[in-house]
Structure formats: structure tokens, C-alpha cells
2 protein chains.
Amino acid sequence: MLSWVDGAPATQLSVQDRGLAYGDGLFETIAVRAAQPVLSERHLARLAEGCARLAIPLDLALLTAELRAFCGQLNEGVAKLILSRGDGLRGYGPPPAPQPRRILLGSPPPSYPAAYAEQGVRLFPCATRLGEQPLLAGLKHLNRLEQVLARAEWQDAEHAEGLMRDSSGRVIEGVYSNLFLVKDSVLITADLSRCGVAGVMRAELLEQARALGVECQVRDIDYAELLDADEVLLCNSVYGVWPVRALGLHDWPVGSLTRKLQAIARTLLDS
Amino acid sequence: MLSWVDGAPATQLSVQDRGLAYGDGLFETIAVRAAQPVLSERHLARLAEGCARLAIPLDLALLTAELRAFCGQLNEGVAKLILSRGDGLRGYGPPPAPQPRRILLGSPPPSYPAAYAEQGVRLFPCATRLGEQPLLAGLKHLNRLEQVLARAEWQDAEHAEGLMRDSSGRVIEGVYSNLFLVKDSVLITADLSRCGVAGVMRAELLEQARALGVECQVRDIDYAELLDADEVLLCNSVYGVWPVRALGLHDWPVGSLTRKLQAIARTLLDS
């Protein structure tokens, strides 16, 4: 496995890293095609926003150059970029002059069954609810135990993803995807100001859908509204778009806006 | 700094550790006196409960032996024990046969001003609220960004600790301490079934107070009740007990039950 720490090949890092101690850091999972990071500007902008909100200093030029060099070596697959606050003293308080640590991990392209994209996926109804924490909502930070618990709820390959709701029951996202629904030709995705990860592919699809004249709404979604949707779809930066065809006993058809968004994602992800 | 990984001296660990990737693990911060871990049975029991709730396999005999050997070398100070789920593949799903990683980090005894224990401390009123997540509440897991944000709210040495409330405004704990209040000779501490860390010293003080015939209540505490308390105190496994004398403009006297609990903690922590 290709892995770099602070710009140099390495398979280990300091036991004092605050990413390990407290999950004190952020990450990005980036598709790599033809030696280039896909949607790299959006990924780096989200990382920069996370750094600003967590007060982690960021050398964006350095990180950008490193990511490009790493993708040049990886060529095809997935680059995971972790930025931690670096080593810490004892205690939660950030060190006065943190030296953030840059970690890049490469993996081959994931091999999802073709049926996920073609026929659509079945969602597992996760019992794990997302806690509401506006200070961390939207960020792709390293505190991901909720996702670990949710993903452990099912093992069968029948379910490609799980539906996560917040503690009030609102529909938020998948375990590793964002979720959209379509109702009366309007594209709707959850407001992520209380919990959830504001995905890069979600942002890209929203922008491109708006450019095509599709009405888009980012707002709270209740469970009944999900069941009543005309189309449901999932997205992330690695696989693009999957139609959702079922959740428990409920079925949805695969609709035309879903296919349109899927084509947009394919254009980005096919090299 | 003394540090062990999986039983052997090491200063680094794998970049693929799920503790780093997701905060997928637990930790204990243990006072070490005369080469022995203090309250080690309670620490290990809490860790075991956390492992059960997160489905992390635990070799308790091995960990216990390692902790004792490590404390034998450290002699005096603080041993931080981290148990992560070990290396992971890509994705949140726990690997089918996880190999948890054991990390032990030693540090010298912390040097808090003597006035904290003698005259009591001033609490900073943290704006960071604790999100409510019953699945993780009580555990000392590695997802600690809320504490990082809260501890970054103040820098002055005037405030030894911060008060953390939950998103509904209930009084929960300090950033790195549990909190008790005394009202009409009843010892009261927050119910931690929605958020918070169920501290080892908190459990020990509750048990010893009950054995002394003190009425103890573990229940929700609202903010007005805190202000109206006769005594307020903080505790943790490293410093024992600190009286709380102020929060903003509000003052409390240092009371006799606080001094009694402080003496109990001193007996445990003084070698």
C-alpha cells in the first residue's frame, strides 16, 4: 500500500498524534483517475473549511502539491488524506503551536457490484442515530464512531448502504454517502447544520443540477417524505451515484433525474 | 517518554490504525503511584464495558499484565492506555477478525497549582455543548473533538476547568473531570446516559460516599440547581478532588463533604 507521512513514504506515525488520541483532525477520500485527484478543489476547500472551524493551521499550497504528487504515483484508485493536529502534550488543550501531520494512504479502485449502479441498491435501516452537534456538523472529521457502529449493523451484501437518521428521526444520509430524493421534479437533500457530512459529490451534483435548471432544496427531510419520494439516490466521491430502489418493504423506481445525475458523476469519475 | 505498542517499547504505530482513521477505540488515564496503577480494577472494568459496547475483542488478562509491567517501569506519573480496534481496511465496517492494538504512554505527574485543591477552582462556562448520543454516552472513547473544542475556549490559568452542559442545557461534567454538587447534604452527580464520560473516580467516590451513609443521587441536573448548590466539586483519576469556588459571577463556599471526598481521593492517590 502506498502511504506517505508529511510528504515522505512511511507506514508508521507517532504514538503521540492527536488524531489517534482524540480524533483531532479531518480527512478526505478522493478518487484518483489518470494520476489526477478528482474534484480536488472541492476536497481541499472542504478541508480548509474544517481546519478553519477546528482552528487547525493549514498550509494549503504544500498539501495541494503533496496530493498531486501522491496521485501521480497512485495513478488509479482512492487517495485518503488525513490531516491531524499533530503531536500533543497530555490533555485536550491544543498545543500552542501545533504542527499538523499530513497522511496520505492509497488504495486500489473499490470493486462494487455493477448492479449497485445499474439496478440500484437496497438500504439497511440503521438503528444507530446521528447525534446532533452543530459545531461539528458538515465536517469530515476523524470522530466517526457513529459510522462504525452503523456500518456494523449489517453484514449481508444484499444491502449496499444504510440509512442514517438523526436523533429526532430526520432523514440525513447514508453511512458513507449523501442522500437525495426527488419529488415532483425537485431535488432535495438534507440540511446538514446539526449533523452529517457535507459531501463533495453532493455539492457538485447540487451545483450541476441547478445549472441544468433543476429546482434544488437543502432542508430538513422527515421519514414519511422519504417514503413518498418519486426517486431516491445516494452519492459519494468514489462511486458517484447509486439509485436507491428499496428500504425494508418500501420500493422506489429508478427515475430519470437519478440517471441524469449518475451520468454527471460518471463524466467526473471516468478517466 | 515511555511508550509501548502491543507490549514492546515503540514510539510509532501503523498509519492504518482505526484509532487514527475513525477514533475507533477507547482509552484510560491512570494515576501511577509506587509503580502501581491506582484504581486499576475500575479502569479495566470500564475499558471492558466499552469494548463490549463497541464490539472490540479484549484480552483482559494480557492487558492487565502489560499495564502492571508498564507501571512498574514508569513508577510515578500517569499511564495512558489506548485500545484501538487495530488496523482496518478501507471503509467504516469493522474488519471480520480485528486485532486490537494496545498503546501505553507514560508521563510525569502533572503539576497543578496547589491552590486548585486547597482553595478550589474557577470554572470557565464553555459554550461548546455536548451532543446527545446514548450509544456512546459514558464511554471514554477516542472521539473527543467536543472536549478539544471546549478546552480551546480558554487559555488563562485563572480557570482550571470548564463546565460542559448538554445540548438541552443540563449540567453534565467538566472538560476532563466529573462534577458533583451537594445540596442539603445530598451528593448529586449527572446522569450520563445521553452524553458524558462515566469517570472512575466518580464511581469510586459514589461508592465510598454511600458506604459512609451519604445519600447519593445520579440524575439530571439543571443549571439553576447548580447555582443553588451548597457545594460543588470536580474529580478525576489523576488529581483526585478539586472544590469549585466560582463560575462567572457565582461563588460557592468549600464545604465539608467536599473536604471529606477530597481526603478519600488523597488516600487513593498518595503513595
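All chains are named by letter (A, B, ...) in the order of the sequence lines, taking the proteins before the strands, and each is independently numbered beginning at 1.
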Can you tell me which portion of [X] sits under 4.5 Å from chain A's heavy atoms? Options are side chain, backbone, both or neither.
X	answer
B:Leu142	both
B:Tyr176	both
B:Arg18	side chain
B:Ser107	side chain

B:Arg144 to A:Asn143 - nearest heavy-atom pair and separation: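 Smallest interatomic distance, heavy atoms only, reads N-OD1, 3.1 Å.
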
Would you mind reporting whether A:Gln147 and B:Tyr22 have side-chain heavy atoms less than 4.5 Å apart? no

Checking [X] against chain B: side chain, backbone, both or neither under 4.5 Å from a heavy atom?
X	value
A:Leu145	both
A:Leu13	both
A:Leu105	side chain
A:Asp17	side chain
A:Thr128	both

Best-contacting candidate, A:Gly23, A:Ser84, A:Pro110, A:Cys195, against chain B by heavy atom pairs under 4.5 angstrom: A:Gly23

Chain B shares the most heavy-atom pairs under 4.5 Å, among A:Pro96, A:Ser14, A:Gly93, A:Ser3, with A:Ser14

Find the one option among B:Gln12, B:Arg151, B:Glu153, B:Gln155 whose heavy-atom pairs under 4.5 Å with chain A are most numerous. B:Gln12

Got a second to check how far [X]'s [atom1] is from [Y]'s [atom2], nearest 0.5 Å?
X	Y	atom1	atom2	answer
B:Asp24	A:Leu149	CG	CG	8.0 Å
A:Gln133	B:Asp166	CD	CG	11.0 Å
A:Glu146	B:Leu135	CD	CG	8.0 Å

